[in-house]
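To keep things clear, I will list the structure first and then write my remarks on it.
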Amino acid sequence: MAATLASADPVLADFAEQVGAEGPVAVEGGRTRWLVGGAPPPDVRTVRAPAGIVEYAPEEMTVRVRAGTTVAELDAELSSRGQRTPLPDRGGTVGGALAVGENHPGLLGRGRVRSSLLQVRYVSADGVLVNGGGPTVKNVTGFDLPRLMVGSLGTLGLLAEVILRTEPNPAVSQWVVSDDADPFAVRHVLLRPGAVLWDGGRTWALLEGQADDVASERAAIAVHGTFTDGDGWPELPPHRWSLTPSGLRDIGAHATGRFVAVVGAGLVFAAEPQPSRILDPAARTVGERLKRNFDPDGRLNPGRDPAAR
Amino acid sequence: MSGDPAVDDLVAALGEALAPDRVRHDGAERALLSRDASVFEGGVAGPVCFPVSTSEVQAIMRIAAAGGHNVVPRGAGTGLAGGAIPLGAPIVVSTTRMNRILDVDVDDRIAWVEPGVVNLDLSRHLGPLGFHFAPDPSSQQVCTIGGNVANNSGGPHCLAEGVTNAHVRAIEVVLPDGEVAMLGGLDAEPLGYDLRGVFVGGEGTLGIATRIAVTITPNPPAVRTLLLSFAEVVDAANTVSAVIAAGCVPAAMEVMDQRITVAVERYVGAGYPTDAAAVLLAEVDGLAHGVDHDAETIATIGRANGATDVRLAANDDERALLWKGRKTAFGAIAQIAPDYYLHDTVVPRSKLADVLEQVYAIADRHELLVMNVFHAGDGNLHPLLIFDAREPGVLERVHLAGAEIITASLDAGGVLSGEHGIGVEKQQYMDRLFTDDDLDHQDRLRRAFDPTCRANPGKVLPVGHSCADIQSLRAVPTGVWG
């Protein structure tokens, strides 16, 4: 393939030109997670990725979308055909959601953000468009640049366009709430729940599937507590903790303040921030080499570090 | 003794670090490990090591790093792309003695395993707990979890559940410089770059996995297995597309053409109709009502697309037999001809029927017998070219037909490999899918793990990209096709 990607799509070529090959540059989406992993210098030049849904193929369960598209716009398009992705909508963009890599609180049902990215097109530190992965739902052709980009905070390349895997919405989604249930037992009973949340007292469960199955799962968890109809997601505290699923059993040992935990995943939304985590030293060394190999001058999203979030 | 003092010193150093009987340099062992399950020849193994612990793998890597030796990791050797073939007489590290299941945690839904644990052994171990390991390659009775990680392996049941990458949470890795790194983690959102995700599918070029935390999946309470018969292969392919388009994602959707079903029937008697041009084996699992609903959806769509018969497996025995037929398909080929070449490309599901027709036409043009048995739900084609290698000139025809099948798949918007990997098989096609800049970035990724290109060099990236371009290797793959 002799032609470069830039020549194939003028919109992406224009973005690559804006990024250029010199000087610090930060990419701006919805600024909803601007401080994750450190803030860029206040006077840094910023660029915006192009927006728009390029090609949606519901029958392939894939969507090609430019990184500057809002998650809300993507969700609206997908839901018109009864589909969804794992990306959380917090007012931000598709590129932002992927670069930050944080999961939807409904990750038990929707899956993880990192598994949804099939193909990535990004602008390198040299100002060149690079393509990784491929358009099919299954692909092991070469090294996995899409996985590398998820959660990289734009430090290795600036996302321009992606192909995401979509999933059909469940036929029925039903929230139920209990103030006396054992959330761990509830999670164990449910086969593929949309979510099981717990704030130390109350348990919320999002039951998903065919109506009769939702009814029978509701009957099955009634053994573990008294459930009433719920009306949606509880308010989630601002800070994000990453624990192991089993570690939630000892959550009282942590200074979380008010919390809502995603049972079965170990993700916790808490009033207080999580103390700094320490990355494995040898993994940190590989990460530092990645940064040097992809962005030797440190020009992409300076000040940000995926190991310092 | 090899007659070469440098090699003797290396073998002695490795023997001292492990145990003399777990470092082999005899002709038989080296010959055995010079190949994998692919058709590729030309590998030359150096000393063969059988470590039993992370610290032993680390010792091997340090000895290799100090002496500038290349290292090739190896699981069961069932790979079909030549990924485990040793090029340039490297140290071969077999992980088969590291085969313990270390821990199972139902709360965390993980099992910590050593890389040499056999795929099916893990699911058998998990069975009494009500869980299994979802990726189920056809070779699952012998292939190892470490090999599954290296190749990001799939299998029929990866349609709804995803391939190996989606089922690996953390990996302890010995890097090519001998450092031990923990990639990923059991926590919800591990720190740093997703090195775990990158390592999976790295084909042994990024280091050696020594402990792996895999996700364990609960066994579904209800399963329905359907066998649909069709008078035309394209009808089966169109049914698969239509099922996905209807918002139904079965656990598995496999298509087998008539030549395969006839061979399978002679071999194991799985109960497949031998008069149908193709059968679709579809499985749905989950909760009782959902599986009935999905099974009905598949049956209805199948009939609308010309299914001549729709059969629901009546019980577990019948279901097991239907799957036995599918999973022994490749063994069944042996009755027809002594050799086969199994291809592995992926196309958009909506292009399945079109590309299949081309595959048959390509085989006809080259006067070869082709059989199709594939993961239709993923668009993952597996054309089998069947031949007798003793027939003069047949290898060239197989090679040409293979190249045309790859071209047809790429022209349809597909990719080079769905689950077998690139290895040495498809390096020369990489520039059909990627620009020089794309490949350069893949090389940068690889070099972050292995700056000196000593882990399984000469694989994945095509010649001209640094880690594939080691002078000492270039003379070796002359026996390799392409």
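Just so we're on the same page: letters track the sequence lines, and every chain starts at 1. Please read all numbers here as calculations on a predicted model, not as lab measurements. Because only heavy atoms are used, hydrogens play no part in the values below, and waters and symmetry mates are left out as well, while side chains stay in.
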**Asked** Are any of the side-chain nitrogens in A/Glu59 or B/Arg349 under 4.0 Å away from the carboxylate oxygens of its partner?
**Response** no
**Prompt:** What are the two closest heavy atoms between A/Gly266 and B/Ala188, and how far apart are they?
**Reply:** C-CB, 3.7 Å
**Between B/Tyr193 and A/Thr155: side-chain donor-acceptor atoms closer than 3.5 Å** = yes
**Request:** Please state whether the side chain, the backbone, both or neither of B/Val163 comes within less than 4.5 Å of a heavy atom of chain A.
**Result:** side chain
**Item:** Part of A/Arg114 within contact of chain B (heavy atom distance under 4.5 Å)
**Value:** side chain
**Prompt:** Quick one: OG on B/Ser350 to CD on A/Glu60, what's the gap to the nearest 0.5 Å?
**Reply:** 4.0 Å
**Request:** Considering non-hydrogen atoms only, spot the tightest contact between B/Leu186 and A/Pro245 and give its length.
**Result:** O-CD, 3.5 Å
**Message:** Let me confirm one number: the CD-NE2 distance from A/Glu217 to B/His289, rounded to the nearest 0.5 Å.
**Reply:** 11.5 Å
**Request:** Can you tell which part of A/Arg249 gets under 4.5 Å to a heavy atom of chain B, answering side chain, backbone, both or neither?
**Result:** side chain
**Asked** Where is the tightest heavy-atom contact between B/Ile244 and A/Met61, given as atom of each residue plus distance?
**Response** CG2-CG, 3.9 Å
**Request:** I would like to know whether A/Asp144 and B/Arg196 meet salt bridge (Lys or Arg N to Asp or Glu O under 4.0 Å); could you show each step before the answer?
**Result:** CA-CA 11 Å; A/Asp144 200 343; B/Arg196 167 215 66 84; over 6 Å; no
**Item:** Intermediate values then yes/no, side chain to side chain contact (heavy atoms under 4.5 Å, CB included), A/Val140 and B/His420
**Value:** CA-CA 7 Å; A/Val140 294; B/His420 295 175; over 6 Å; no
**Under 4.5 Å from a heavy atom of chain A, the part of B/Thr345 involved** = neither
**Item:** Segment of B/Asn380 engaging chain A (4.5 angstrom heavy-atom cut-off)
**Value:** side chain
**Request:** Take B/Glu179 and A/Thr285 through the side-chain hydrogen bond (donor to acceptor under 3.5 Å, both in side chains) test and state the conclusion after the steps.
**Result:** CA-CA 10 Å; B/Glu179 291 295 310; A/Thr285 301; over 6 Å; no
**Request:** Compute the ring centroids of B/His441 and A/Tyr122, then answer whether they are less than 6.0 Å apart.
**Result:** yes
**Request:** Select one option (side chain, backbone, both, neither) describing which atoms of B/Leu416 are under 4.5 Å from chain A's heavy atoms.
**Result:** both
**Prompt:** Is there a side chain to side chain contact (heavy atoms under 4.5 Å, CB included) between A/Leu290 and B/Arg444 once you walk through the steps?
**Reply:** CA-CA 7 Å; A/Leu290 275 169; B/Arg444 292 177 197 218; over 6 Å; no
**Asked** Roughly how far, to the nearest 0.5 Å, is CG of A/Leu191 from OG1 of B/Thr217?
**Response** 10.0 Å
**Request:** Mind listing the closest non-hydrogen atom pair of A/Thr141 and B/Val415 along with its distance?
**Result:** OG1-CB, 3.7 Å
**Message:** If the threshold is 4.0 Å, N to carboxylate O, is there a salt bridge linking A/Arg192 and B/Asp285?
**Reply:** yes
**Item:** Under 4.5 Å from a heavy atom of chain A, the part of B/Asp440 involved
**Value:** neither
**Message:** Does B/Asp194 form a side chain to side chain contact (heavy atoms under 4.5 Å, CB included) with A/Leu148? I'd like the steps, not just the answer.
**Reply:** CA-CA 6 Å; B/Asp194 185 11; A/Leu148 189 57; over 6 Å; no
**Asked** If you measure only the distance, is there a donor-acceptor pair under 3.5 Å linking the side chains of B/Asp187 and A/Ser242?
**Response** yes
**Item:** Interface moiety of B/Val180 toward chain A, non-hydrogen atoms closer than 4.5 Å
**Value:** backbone
**Message:** Is B/Leu175 in contact with chain A via its backbone, its side chain, both, or neither, using a 4.5 Å heavy-atom distance?
**Reply:** side chain
